Amino acid sequence: MRIIEEIKQQIAQALRAALETAKAKGLLQCQRVPEFIIEIPREKSHGDFAANLALVLAKEAKMPPRKVGEILLAQLDIAGGDVDRVEIAGPGFLNFYLRPDWLYRIPKIIFSLGDRYGSVSIGNGLKVQVEFVSANPTGLLHMGNARGGAIGDSLANLLAFAGYDVSREFYVNDAGNQIQLFGKSLDARYREALGETVAFPADGYHGADIADSARLYIAAYGDALLAEEAEVRERTLAEFALKDKISRIEKTLKDYGIVYDVWFSEASLYTDGKIKETVDWLLKAGHAYEREGAVWLKAPADSEEKDEVLVRSNGLPTYFAADIAYHRDKFQRGFDRVINIWGADHHGHVARMKRAVSLFGYDPDRLTVILMQLVHLMRGDEAVRMSKRAGTYLTLEELMAEVGYDAARYFFVMRNPDSQMEFDLELAKSKTAENPVFYVQYAHARICSILRQAKALGYGLPADPAALDYTVLREETELALLAKLADLPEEVANAALALEPHRLTVYVQELAAAFHLFYTHCRVNTEDAALRAPRLALSQAVAQAIRNVLALGRPCAGRNVSNQCV
RNA sequence: GCGCCUGUAGCUCAGUGGAUAGAGUGACGGAUUCCGAUUCCGGAGGCCGCAGGUUCAAAUCCUGCCAGGCGCGCCA
């Protein structure tokens, strides 16, 4: 139920009719109705809705926009709808002022939809896959993964709420060079732990977790591997540690509120023959060729790009070849749209990937890559120094232990992925007004408290909130709060279309602010029952809306804020 | 050198071509006999990096420049 959308349609239709009438009377000249927008003005004095039709029409009509506006206004028939009056303002905007009746329908809609309030159906059940985190399984999750996890999962939740059929996927890089190096590093730690002195591989993984894995293996199976060939030791240790690491990653992400639909193994692309099949197809289609014992993907003839290696001269496919096979498989699985969340350091890969997708006949616009910039970790004014090479970096597990997962997710989602962001650990764990998470949660807690109070005072809660008379809510702060509530479905639709979950954090803070303002001006638990009941219900509706938005960030998966007050 | 991202209040950041550019925070000044003051209100604080262009209208679109970040492997 998108009441704002309905009203916009109502206004747009009246405007189109006015334009037709004006044309018929010879007052205005234009070929067809131009694109125009109806928006909610920032400035309250500019009405509830504003249309720019006169401005976009001015040129073709060969008249000043203000004059066009006057003509349209004279022909506008608004009788019978929600519009109370229309004014022309500024350069020629038509400002629509509505009777507040439409706002009084909002609480009823919220109560009838409950936790579905705000959901829209713009997705039409389109199948969308969101692939995110896909961290290298040889290590622990870092801040980049934390940001990607928060953004990816919130985006997936948002798209589902907007009517898409969403699948969450983790691509497990359990094959290729880094797994061999992983095995060598493990082997070194294994032998070290058993008393040998070994030279650590030059580019090996230095993290303490590697030694942990080696010790874990020893605890389970002892030193029998020492008798085996190096290759066997490395492979066995890598397999063992990988299994352990992946289940730890899965658990960490689950604690972070993320549950995947699919864990897709890169190694399976080798064993299923999908990489070979893909490379063969490209060779056969003439998009790839062999040179110096390697297989190369041709760059487009009209570009400056270089050809890329798909299969090395040693016969092993590159990551790029595996990724092409993987993306081909995604589309073969029937996804209408594929969204990847990648770190900005992979941006050079985006154009190549989209081109590869198009070689298989898929529209490259069906693949969207959201790149996220770096996270700078701060502790107050001090930067937290981290070195991935030395294995000293803050892990997602440590982050959650320090600031809690709800604050962590909210902070990451709050920022546009395009921007480098600062993450201040001190701020995130502070339970003060400085912290936006607590500002929103406080609004919800305050509502719960008001509802408890109503029961304690013997008032009780409205038995049938949908049947109440809301027309007694006439205070400015009450109307503003209702209008803010009405906005949620629009915010969801716009955020989903733009793939920008961070917009909802802006919205929910505004909603919380509108509630706090209402609270300071209007006493809810007043003795006047005719006023008290709709105010209690309004508060309940706000709590519902807050929960619905926060649920998109899933900060409340286990211990949630819902149902604490009905 | 080429490519991608960013540049908005002291700081952290919103801002889907629209009217007087916003929020939080910091500093300053106020508000509570009463539902959680973790709240609310107020003024102060801006060449929207710079310069052109497109448009009735530009923080937003285009071009160039400056600054910061990240890429440009038979790594992933």
Side-chain angles (χ1 to χ4, degrees), chain A residues 37 39 41-43 45-46 50 52 54-59 63-66 68 89-93 95 136 173 176-178 181 203 266 292-296 304-306 308-320 322-323 343-351 371-374 376 378 381 414-424 427 430-436 438-439 441-443 445-454 456-457 459 477 494-495 497-498 500 502-503 505-506 509-510 512-513 515-526 532 535-536 539:
Chain A
I37 56 166
E39 59 175 1
R42 239 196 334 258
E43 191 65 39
S45 64
H46 293 147
N52 68 342
L55 292 109
V56 296
L57 214 51
K59 192 167 193 180
M63 277 181 211
R66 180 100 195 181
V68 178
F93 286 102
N95 294 339
N136 190 330
N173 297 125
N177 263 350
Q178 91 272 9
L181 192 57
D203 300 321
E266 180 187 358
E292 297 160 7
V295 178
W296 300 71
E304 301 283 312
E305 285 168 45
K306 291 175 285 186
E308 301 278 339
V309 173
L310 293 175
V311 183
R312 303 182 187 97
S313 44
N314 65 9
L316 293 174
T318 60
Y319 169 85
F320 185 39
D323 222 17
D345 52 339
H346 290 80
H347 74 78
H349 194 52
V350 176
L371 295 170
M372 21 161 232
Q373 301 292 326
L374 284 180
H376 295 291
M378 306 289 287
D381 291 332
M414 202 161 60
R415 302 297 178 217
N416 190 323
D418 281 342
S419 312
Q420 289 186 26
M421 64 169 282
E422 265 185 25
F423 191 112
D424 184 348
L427 180 58
S430 79
K431 301 204 190 301
T432 68
E434 308 168 307
N435 187 339
F438 286 94
Y439 182 79
Q441 291 179 343
Y442 179 66
R446 190 174 236 183
I447 292 169
C448 295
S449 172
I450 291 171
L451 301 181
R452 274 197 305 273
Q453 191 73 220
L457 290 168
Y459 293 143
T477 56
N494 290 336
L497 286 172
E500 292 181 351
H502 77 270
R503 292 182 187 212
T505 65
V506 176
Q509 279 164 243
E510 287 172 357
F515 176 78
H516 287 310
L517 196 55
F518 156 75
Y519 172 89
T520 39
H521 283 86
C522 303
R523 190 173 171 81
V524 177
N525 284 314
T526 165
R532 185 180 65 237
R535 280 183 178 169
L536 280 167
S539 303

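Here the structure is a predicted model, which is why all the values come from computation and not from measurement. The chains referred to below are lettered A, B, ... by the order of the sequence lines, with proteins before strands, and numbering in each begins at 1.
- Within the nucleic acid shown, Glu510(A) has no heavy atom closer than 4.0 Å to any nucleic acid atom.
- Look at Tyr519(A) and you won't find any side-chain N or O under 4.0 angstrom from OP1 or OP2 of U32(B).
- Summary of the strand contacts: Gly176(A) and His376(A) both lie near RNA chain B, and taking for each the nucleotide with the nearest heavy atom, the more 5' one is attributed to His376(A).
- Across G43(B) and G22(B), the matching P atoms stand 12 Å from one another, rounded to whole Å.
- Judged by distance alone with a 3.5 Å cut-off, a donor-acceptor contact links the side chain of Ser313(A) to the base of C74(B).
- Cation-pi geometry between Arg446(A) and Phe515(A) is not met: the NZ or CZ atom fails to fall both under 6.0 Å from the ring centre and inside 45° of the normal.
- Between the side chain of Arg535(A) and the backbone N or O of Asn525(A), no donor-acceptor pair lies under 3.5 Å.
- Remark: U32(B) base-pairs with no nucleotide in the shown strands. Criterion, Watson-Crick or G-U wobble with two distances under 3.5 Å.
- Evaluation of atom-type donor-acceptor distances gives a pair under 3.5 Å for the side chain of Arg523(A) against the base of C34(B).
- Residue Val56(A) is in base contact, counting any heavy-atom pair closer than 4.0 Å across all strands shown.
- A sub-4.0 Å separation between OP1 or OP2 of A76(B) and a side-chain N or O of Arg312(A) is present.
- One donor-acceptor pair, N or O on each side, does fall under 3.5 Å between the base of G18(B) and the side chain of Asn52(A).
- A donor-acceptor contact under 3.5 Å is not formed by the side chain of His516(A) with the base of C40(B).
- Taking the six-membered ring for Trp and thresholds of 30 and 60 degrees, His349(A) and Phe320(A) have ring planes more than 60 degrees apart, a perpendicular arrangement.
- Pair assignment for C70(B): G3(B), on the basis of Watson-Crick or G-U wobble contacts that are both within less than 3.5 Å.
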